[in-house]
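Please read the structure below before turning to the comments.
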Amino acid sequence: MRYLFLLFLLISLIALPSFSQTNVITSNIEFIYSSPQSISNHVYYLSLILKGEIINGTSAKVNITSISGYIGALGLPPLPLNGVPISPPLAIGDNIYFIYVPNVTAISLAIKKAYLACANYTNGSWHLKNLITRGIVTGISAYNNSVYALWKSSGKTYLLTISQGRVVSNVTLSVANITSIEAGNGAGVVSNASLILSIIGFPTAEAKYYVINLSTGKVLYEIPDYNNISPALVSVSGNLALVAYITNASSILVLYSLTTGKILSEKIFEGIIISSYINDKFILVEEVQKNSNRSAIGSISIYNLSWGLVYQQKEYLSPFSFSQIDGLYLNSTNLVIIMTRISVQHHNNQTVTTSTLKFITALQAPKPFTIYVTPIYHPGVTTLNISWNANPKTTYSVYFNGTLITETTSSYVLYNVTENGTYLVKIVAENPLGKVEENVSIKVIVKPIVTSVITSVANSTSSHITSAYTKFSSVQIVIVVIIIAIIALAIFLLKRR
């Protein structure tokens, strides 16, 4: 769930002048939404087309008149469907699960019938199977190859568990008006936030969030207010729940234990959080801050679960082009941000908004690498230039004969050796996605220190320079010269006698 509405409204207000009188702007918005749960053998997505009006005056309002759309997949044709899909597809293996309103080409926000369906693309064509064809299916979520669906029928709300294309469990929920669900490990968060409004980012007034047992449907607790601020966005992963509390000027993210409700940690943000997402290793946050000069700065940040910053990207938001994050896709080698890139064109009181899916690799797992060692010889010391092919955002721990000599994010290190020998160089590359260790054995030669000594011999017409390992000082040389002079003088005086 996210606040695209706030972002769209903010950008619209930046782009459009203020009017003392009411001004009506016709709007046509095509919005693509995917999620980590929409990715398996293909990247599936929901495309919604919204038509309506932006009423801009002393205050701004958005009025949606109709919604249409389709389900697509990268590299595949769109799913032919007699109806309008209203949920992003959940992908499990070759199958996708989604909610749609049947037998219509467009809908309003007042939905009176919604089916749950399963589809797959095999042998060059789509195959569709309806699973629930009565009442209204209001929300779905997936966890560990099971799909959990909220179904309203005969005035009651039921929690259905679906496995391998069939309903295997059906329990009644005790709380009323529940319309959306986020499933975790044995527990989930349900709320009265409208599914389709949550998809397109419209906040639902006074939304309530409850943690339930997925097997029994029993309510464990209600997610509480924080400093008198109501919860606005909830994301669930395993045994964790990430809850965003948003004001007009700042936001707070609180990490809860899903089953106990205990606060594990929290972080304050200076801007408005548009989207927040958690998986079992990382937290993804999109934040917008509005400047006094009617501009806005957007930031996309990834943290580990201890709030250590892993990745951050900031940009000034253009009224005509901006992004909306959809989640994080994590596999064994890459951490990828899934986002929707949105483009807005405004002309003659009309706006046309289009969008495309975009994927940003925020982090790559360390790859195997080769260690290169180049010796640089000096008398008495050999400097080793130890280098390797470095990955971005990776720390390299360099060991020399088992001793850690440095930790660096660079691609080389210099190290001095003063004794001949065979040494082991080990380098450990590590980042939040993994660790790789490489080593190499090297033979090092240290050249000796060389000095020069001048030797003079009496009664000799020649002199020579002899290399020696004993170094004489200048004072010692002067003393030797004086002694030789005295001896020469004494010989001269004896000859005169």
Side-chain angles (χ1 to χ4, degrees), residues 1-2 4 8 27-52 64 66-107 111 114-131 137 139-142 147 149 162 165 195-201 275 277 321-329 331 336-345 352-361:
M1 290 184 282
R2 62 269 205 86
L4 178 65
F8 181 77
S27 182
N28 189 344
I29 303 172
E30 181 183 0
F31 181 65
I32 292 178
Y33 178 59
S34 186
S35 78
Q37 293 187 346
S38 301
I39 300 175
S40 60
N41 301 330
H42 297 279
V43 177
Y44 301 93
Y45 60 86
L46 167 68
S47 179
L48 289 178
I49 300 171
L50 288 71
K51 295 184 178 181
I64 297 176
S66 71
I67 302 171
S68 59
Y70 63 91
I71 286 178
L74 298 184
L76 298 179
L79 169 68
L81 186 66
N82 182 22
V84 177
I86 58 173
S87 77
L90 303 180
I92 299 178
D94 294 329
N95 295 323
I96 59 170
Y97 298 82
F98 59 95
I99 306 170
Y100 76 102
V101 179
N103 306 319
V104 295
T105 57
I107 60 173
I111 298 173
Y115 290 178
L116 175 64
C118 173
N120 62 72
Y121 188 85
T122 55
N123 298 324
S125 62
W126 284 99
H127 305 273
L128 177 71
K129 176 184 177 182
N130 287 317
L131 302 178
V137 179
I140 55 173
S141 183
V147 174
I162 298 151
L195 171 67
I196 194 164
L197 290 181
S198 297
I199 293 170
I200 60 179
S275 302
Y277 173 84
S321 180
F322 53 94
S323 297
Q324 170 71 29
I325 63 171
D326 299 329
L328 281 175
Y329 177 69
N331 58 26
V336 180
I337 300 172
I338 308 168
M339 65 169 55
T340 302
R341 190 69 185 177
I342 301 167
S343 299
V344 181
Q345 294 181 340
V352 177
T353 303
T354 58
S355 60
T356 55
L357 280 180
K358 186 177 180 181
F359 303 90
I360 296 177
T361 300

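Computed over heavy atoms, backbone and side chain alike; hydrogens, waters and symmetry mates excluded.
- When all heavy atoms of E30 and S355 are compared, the closest pair comes out as O-OG, 2.9 Å.
- Between the side chain of S47 and the main chain of Y70, no donor-acceptor pair closer than 3.5 Å is present.
- With rounding to the nearest 0.5 angstrom, the CG atom of N120 is 13.0 Å from the CD1 atom of I92.
- Residues that satisfy the side chain to side chain donor-acceptor pair (under 3.5 Å) test with Y100, not counting sequence neighbours, are N130.
- The distance from the CG atom of L46 to the CZ atom of F31 is 9.0 Å, given to the nearest 0.5 Å.
- Separating the CG atom in L48 from the CD1 atom in I71 is a distance of 9.5 Å, to the nearest 0.5 Å.
- F359 has its side chain within reach of L357: a pair of non-hydrogen atoms, C-beta onward, lies under 4.5 Å apart.
- Between Y277 and P36, the closest heavy-atom pair is OH-CG, 3.2 Å.
- Checked by atom type and distance alone, the side chain of W126 pairs as donor or acceptor with a backbone atom of P77 at under 3.5 Å.
- Within the 4.5 Å cutoff, side-chain heavy atoms of L79 are placed close to those of F98.
- Between the CG atom in L131 and the OH atom in Y97 there is a gap of 6.5 Å [rounded to 0.5 Å].
- Smallest separation of non-hydrogen atoms from I338 and S34: CG2-CB, 4.3 Å.
- S40 places a side-chain N or O within donor-acceptor distance of the main-chain N or O of G93, the cut-off being under 3.5 Å.
- In this structure, OG in S87 is found 10.0 Å from OH in Y33, a value given to the nearest 0.5 Å.
- I342 approaches Q324 most closely through the heavy-atom pair CD1-CB, 4.2 Å.
- Summarising the geometry of S66 relative to A106, their closest heavy-atom pair is CB-CB, 4.4 Å, with the distance given to 0.1 Å.
- In this structure, I86 CD1 and I140 CD1 are separated by 9.5 Å, a value rounded to the nearest 0.5 Å.
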Stepwise, does the side chain to side chain contact (heavy atoms under 4.5 Å, CB included) test hold for H127 with S125? CA-CA 7 Å; H127 305 273; S125 62; 3.4 Å; yes
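- Minimum interatomic distance between A114 and P102 (heavy atoms only, all atoms of both residues): CA-CD, 4.5 Å.
- The side-chain heavy atoms of L328 and I337, taken from C-beta on, include a pair separated by under 4.5 Å.
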